[in-house]
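Lettering of chains follows the sequences in order, A, B, ..., and the numbering in each one begins at 1.
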Amino acid sequence: MITEQTSQIAFNKQVASRVFLMGLKSPEMRAAAVPGQFVMIRVRQAMDPLLRRPFSICRADGDLILVLYRVVGRGTEILSEMRQGDSLDVMGPLGRGFGHPPDGRRAILTAGGMGIAPLLFLGDSVGFLGCNLLAGFASSDQVIGPDRVGLLNVEMSVATDDGTLGRQGTVADLMEEHLSHMDPEPGMVFACGPIPMLKAIAAIAMRRDIPCQVSLETTMACGLGACQGCAVKASGRRDRSYWHVCREGPVFDARDLDWGAL
Amino acid sequence: MITEQTSQIAFNKQVASRVFLMGLKSPEMRAAAVPGQFVMIRVRQAMDPLLRRPFSICRADGDLILVLYRVVGRGTEILSEMRQGDSLDVMGPLGRGFGHPPDGRRAILTAGGMGIAPLLFLGDSVGFLGCNLLAGFASSDQVIGPDRVGLLNVEMSVATDDGTLGRQGTVADLMEEHLSHMDPEPGMVFACGPIPMLKAIAAIAMRRDIPCQVSLETTMACGLGACQGCAVKASGRRDRSYWHVCREGPVFDARDLDWGAL
Amino acid sequence: MANLPDLKIRVGPLNLKNPVLTASGTFGYGAEFAPLMDLNRLGGIVVKGISLRPREGNQPPRIVETPCGMLNAIGLANVGLEAFLEEKLPRLRKLRTAVIVNIYGNSVEEYGEVAAGLRGADGISAIEVNISCPNVKQGGMAFGTDPDMSARVTARVVKAADRPVIVKLSPNVTDIRRIAMAVEDAGADALTLINTLTGMAVDIERRVPRLANVSGGLSGPAIRPVALYMVRQAVKAVRIPVIGVGGIMDYRDALEFLIAGARAVQVGTANFVHPRTGLHIIDGLTDFCRAYDIPAIEHIIGTLKEK
Amino acid sequence: MANLPDLKIRVGPLNLKNPVLTASGTFGYGAEFAPLMDLNRLGGIVVKGISLRPREGNQPPRIVETPCGMLNAIGLANVGLEAFLEEKLPRLRKLRTAVIVNIYGNSVEEYGEVAAGLRGADGISAIEVNISCPNVKQGGMAFGTDPDMSARVTARVVKAADRPVIVKLSPNVTDIRRIAMAVEDAGADALTLINTLTGMAVDIERRVPRLANVSGGLSGPAIRPVALYMVRQAVKAVRIPVIGVGGIMDYRDALEFLIAGARAVQVGTANFVHPRTGLHIIDGLTDFCRAYDIPAIEHIIGTLKEK
Ligand SMILES: Cc1cc2nc3c(=O)[nH]c(=O)nc-3n(C[C@H](O)[C@H](O)[C@H](O)COP(=O)(O)OP(=O)(O)OC[C@H]3O[C@@H](n4cnc5c(N)ncnc54)[C@H](O)[C@@H]3O)c2cc1C
Ligand SMILES: Cc1cc2nc3c(=O)[nH]c(=O)nc-3n(C[C@H](O)[C@H](O)[C@H](O)COP(=O)(O)OP(=O)(O)OC[C@H]3O[C@@H](n4cnc5c(N)ncnc54)[C@H](O)[C@@H]3O)c2cc1C
Ligand SMILES: Cc1cc2nc3c(=O)[nH]c(=O)nc-3n(C[C@H](O)[C@H](O)[C@H](O)COP(=O)(O)O)c2cc1C
Ligand SMILES: Cc1cc2nc3c(=O)[nH]c(=O)nc-3n(C[C@H](O)[C@H](O)[C@H](O)COP(=O)(O)O)c2cc1C
Ligand code: FES
Ligand code: FES
């Protein structure tokens, strides 16, 4: 069930360089949310910026939903200035979340940068016994781990481009490494992050025939499947040209996407 | 000298129902300002609302200029939410201020509602020995006196439409009353407030041949005399059709205005 | 409840429970918003533009935000006439509000075919003809910027259709009155205006257009002054009713159009900002009429005093 | 300082120290902004439109704010040709920046007379012909929306003038390319676009137009996508240089126009929001070129990649 409401900010704190964690009071959304879903937030009561901004739910806690966001432009800048007790128009939970690995097998969760957000929620719901959470970041000061959002039952392996924390390299390297000594093979790979990273992960998974679900980001207007603004090209295997990320996604089976067009 | 700068808010406090007093740090403007001048304030760093808002300087104090404003729309609403330490783009002082009464004679200062703002500054610079400050308000909860902006050397007589404070009636009634026992006649009448009030005051003054200066409000874009947006019709006695309130005003000799067109 | 103002309004042959509709392309097929509101409270729903065959739409990116507005180049992606009738209409039909089907064709003939295809279909209050879409290569705006073509499309649809025909005009013209009059003469029952203004945005880092389609349609509060002006121009030029659309965000904006002479309004981009904008406007109009003791919204329409 | 990028730019026969000008009607006669900035740093100043005789302008209210924009109906209030030459030009002449005189006439002849009246006057770099003002009853936009009339006005001014002629186009047309080409053929040295879009706003309490003139010209960031699109259309249609204007608030906006092919930009409404916008844009362009190792702004112009 989708809710649209004015939610109170329980907290809004910086957790890494330019990255903030916001708790929004919404028992309704908290109850309905599944990992991989997102909310649309109106960053202020003004006509500029006009459109809502989409953010993954990174955790559900008590009667709060948590979003983890990086300040990249005007909207997120404004968000970062909000204080506890302020209110925001929030709509959600939206979209289709992550599926389950076949017959409860172990999952690999791969994140690139802020792609960590929905995977934290997923990791939390699966628990560290059920998954390996692998994450790649540019550098150590960008690293956001489960602890930053208050999750203690999730473990994370880290790679950084510059080697300042964890393995030097990408999350794809990290995944290859893990796959090389995982037995049995994981039942599913989940991925969220920049397109090149998703491409790399999906390629590895598809090569090994491991089911792979990726979570995509596109520009959105409505978040409800009404405007058709958030289209991404579907692969030939489906009888349609485009998916709408807000409604049929943001989580897709990697094989359902036209990776060449992304 | 006009300054355009980012000024820090020293304080921003409510002083009456929907009325706020803001102190802006600007030694430059404070040094240059004369009563009747105004500043243009950009209420926030955003494209909506787009234009700056004009406000009279109601007091100069230390290295601050003070503005007294009523929340009437979006811009003033945003202003009222600003806090100490926040900054605002401010430009000023702008326009021509009030002139002096001939040979230092006593002046009558008449205000309607928020028109009190520039007259407080004027009253402060003249001192209560030099003027009678008369002010009309809708009701007692709207009354803003010199004390609200920290002025102790200014006295004020009040009229309210509903008689809940001071004399029942308008500031024009109050003025008639004062004129009836002022001897010698005042050297000048100054007025600021809504157009009907200014009309009434100017009519009384002109009938008695007392020089009268009124301060006008119009919509403004530039505040610098460049856009010609703030035009008001000039009276036949001048060789021009329009005045620009931001540059040739906001203070005008009552005889220089076409009152029928206002 | 005795003094609830009467919001009912006639738009030519159409009877609406109130003058607030949702605009084509911004409200999907209604169902998308059903979880969030009671659709039956709306004066009507204009569905996404339907073409004879399904259209996949333009390549992404399809939307970009602009100051107080947005550009879209959806490219009239839609399920096509057949799927609309089979999959979308049954659900829409159950609503107790006017359902208006926005249609689009690649040629005069195709417009006629879509209109003919809707004949007899239950639960459609009117057809809105989009002769003004800037985001498709063929047809679309090319029709809407030429009075003769506009008239031909209109006449064809009027002939083929078995219910009221509303024609939706493009603002990208030198003189909206000429188009409005041509469309009126061709038999339209009402006009809707405006569709989007053509615009563009550039990604300065990559030096490419922000929309894959290069240009797109500008909508949102940014365009409201232009929409209002054109609505006023049309109201003065024709006798058929005019429906106003463009940048309406709240009841105050809606009132500007009604006062200027629009008999109804459509809410577009605002649905993205707040999905219940239409309902808020209905409530706002009700309160406004009450506050000013106006017994019926009809009393407000066209009351603009021009010197 | 060795690696300061070169911002110099040629706009047809005009040589500018940088591509940032202030737009007509938004910067007075320059002097108004002198207390706040060093005018000499600007690429140029386009002065308020000058007519043969002084014009008092429209009745107030003349301006109203709109979402991310404003409507103005100043009505070309100006001191007239004679007073301009005597009172305003002497001061402008002392500036070390290009001074462009925007002109306006009630008839083709009058346009010619104003241009002729500027002959021989020292310190004028070019004439910008406003054929696109929506706020005056006679002439103005009527010229700018018709290709033939646009061409006639242009030809007349070109004949009468003794310096470069820039023609400023109206966006309120169906096809900007037709007007642009007609004006090019008539001998213009450059084009400026866009002037304001026609719009309107209504006071819902009093049920009157918010502008005494009823309609006015919409400017500001709201119109930027439309301006950019039209500039791009014109750039592709003509060979003479195009100057872009409409909603430019910062250097990023300016870059959108330059990348789309404008050889210079004008800053209008932004001067009201921040009087030093022009200088900020110049600084921003400098920093941008530096950050991307672009030796000269010339290298950016027209580099938009369209598929
Ligand atoms: C389903 C979904 C889930 C998301 N979850 C998160 C999250 O959990 N945490 C997080 O930090 N970010 C998330 N994003 C991205 C987030 O929406 C954008 O960073 C945000 O909208 C930027 O807003 P802005 O006003 O600050 O930036 P703008 O000023 O609008 O733009 C700045 C930059 O961000 C890019 N951008 C703008 N809007 C979007 C958008 N809708 N999607 C992607 N990129 C955009 C622009 O292209 C530009 O490069 C998600 C996006 C989607 C679609
Ligand atoms: C020279 C001058 C000095 C002023 N001094 C003061 C002062 O000291 N204290 C004070 O409270 N107000 C003062 N005003 C009025 C003040 O500028 C407006 O109240 C303010 O701009 C409203 O902004 P807003 O965004 O809140 O309202 P908006 O949402 O823009 O409008 C709300 C209402 O205010 C009116 N309004 C909007 N702009 C102006 C304007 N520029 N001038 C007059 N009315 C306007 C509108 O017509 C509308 O009715 C002064 C105006 C001028 C021209
Ligand atoms: C994403 C989007 C899709 C649209 N699709 C259509 C359409 O299919 N048919 C149509 O006639 N108008 C379409 N429009 C135009 C709107 O119906 C409306 O005329 C325009 O957006 C102006 O109104 P607004 O400013 O309230 O959005 C679309 C607008 C948007 C923003
Ligand atoms: C108050 C005002 C007055 C204007 N006067 C003129 C004018 O006299 N001549 C002219 O060619 N353009 C005039 N314009 C149009 C501007 O020069 C510019 O083309 C338009 O405002 C779009 O740019 P902007 O969005 O940056 O303001 C005026 C604009 C404004 C806002
Ligand atoms: S964002 Fe509107 S359909 Fe997806
Ligand atoms: S506000 Fe621009 S001239 Fe007065």
Residue pair T192(D), V46(D): steps toward the side-chain contact (heavy atoms from CB on, under 4.5 Å) verdict: CA-CA 11 Å; T192(D) 298; V46(D) 186; over 6 Å; no

E56(D)-S241(B) side chain donor-acceptor pair, cut-off 3.5 Å: yes

Between S139(B) and T164(B), a side-chain donor and acceptor under 3.5 Å: yes

Minimum heavy-atom separation for [X] and [Y], please, with both atom names.
X	Y	answer
T110(B)	M197(B)	O-CE, 3.5 Å
S51(D)	V114(D)	C-CG2, 4.1 Å
A23(D)	G268(D)	CB-CA, 3.7 Å
F257(D)	V245(D)	CE2-N, 4.2 Å
N172(D)	S170(D)	N-OG, 3.0 Å
Y242(B)	G57(D)	CE1-O, 3.9 Å

Does any non-hydrogen side-chain atom of F84(D) lie less than 4.5 Å from one of V101(D)?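 Heavy-atom side-chain distance check passes, below 4.5 Å.
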
Taking the side chain as every heavy atom from C-beta outward, state whether R55(D) and Y104(D) have any atom pair closer than 4.5 Å.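 Of all side-chain heavy-atom pairs linking Y104(D) with R55(D), at least one is under 4.5 Å.
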
Region of T66(D) in contact with chain B, defined by heavy-atom distances below 4.5 Å: backbone

Partner chain B: residue of G220(D), P61(D), A222(D), G69(D) with the largest heavy-atom pair count (under 4.5 Å): G69(D)

Under 4.0 Å between a side-chain nitrogen and a carboxylate oxygen: does that hold for R41(D) and D283(D)? yes

Between E65(D) and R210(D), does any side-chain N to carboxylate O distance fall below 4.0 Å?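 Salt bridge: no.
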
Close approach to chain D in [range], criterion heavy atom under 4.5 Å:
range	result
residues 244-262 of chain B	H244(B), R247(B)
residues 211-225 of chain B	T219(B), M220(B), A221(B), C222(B), L224(B), G225(B)
residues 36-51 of chain B	R42(B), M47(B), D48(B), P49(B), L50(B), L51(B)

Could you tabulate the donor-acceptor pairs under 3.5 Å formed by side-chain atoms of residues 16-27 of chain B, not counting sequence neighbours?
| residue | atom | partner | partner atom | Å |
| --- | --- | --- | --- | --- |
| R18(B) | NE | V71(B) | O | 3.4 |
| S26(B) | OG | Q5(B) | OE1 | 2.5 |
| S26(B) | OG | M29(B) | N | 3.1 |

Can you tell me which of M1(B), E4(B), R52(B), R240(B) forms the most heavy-atom pairs within a distance under 4.5 Å of chain D?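 When all of M1(B), E4(B), R52(B), R240(B) are compared, E4(B) has the most.
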
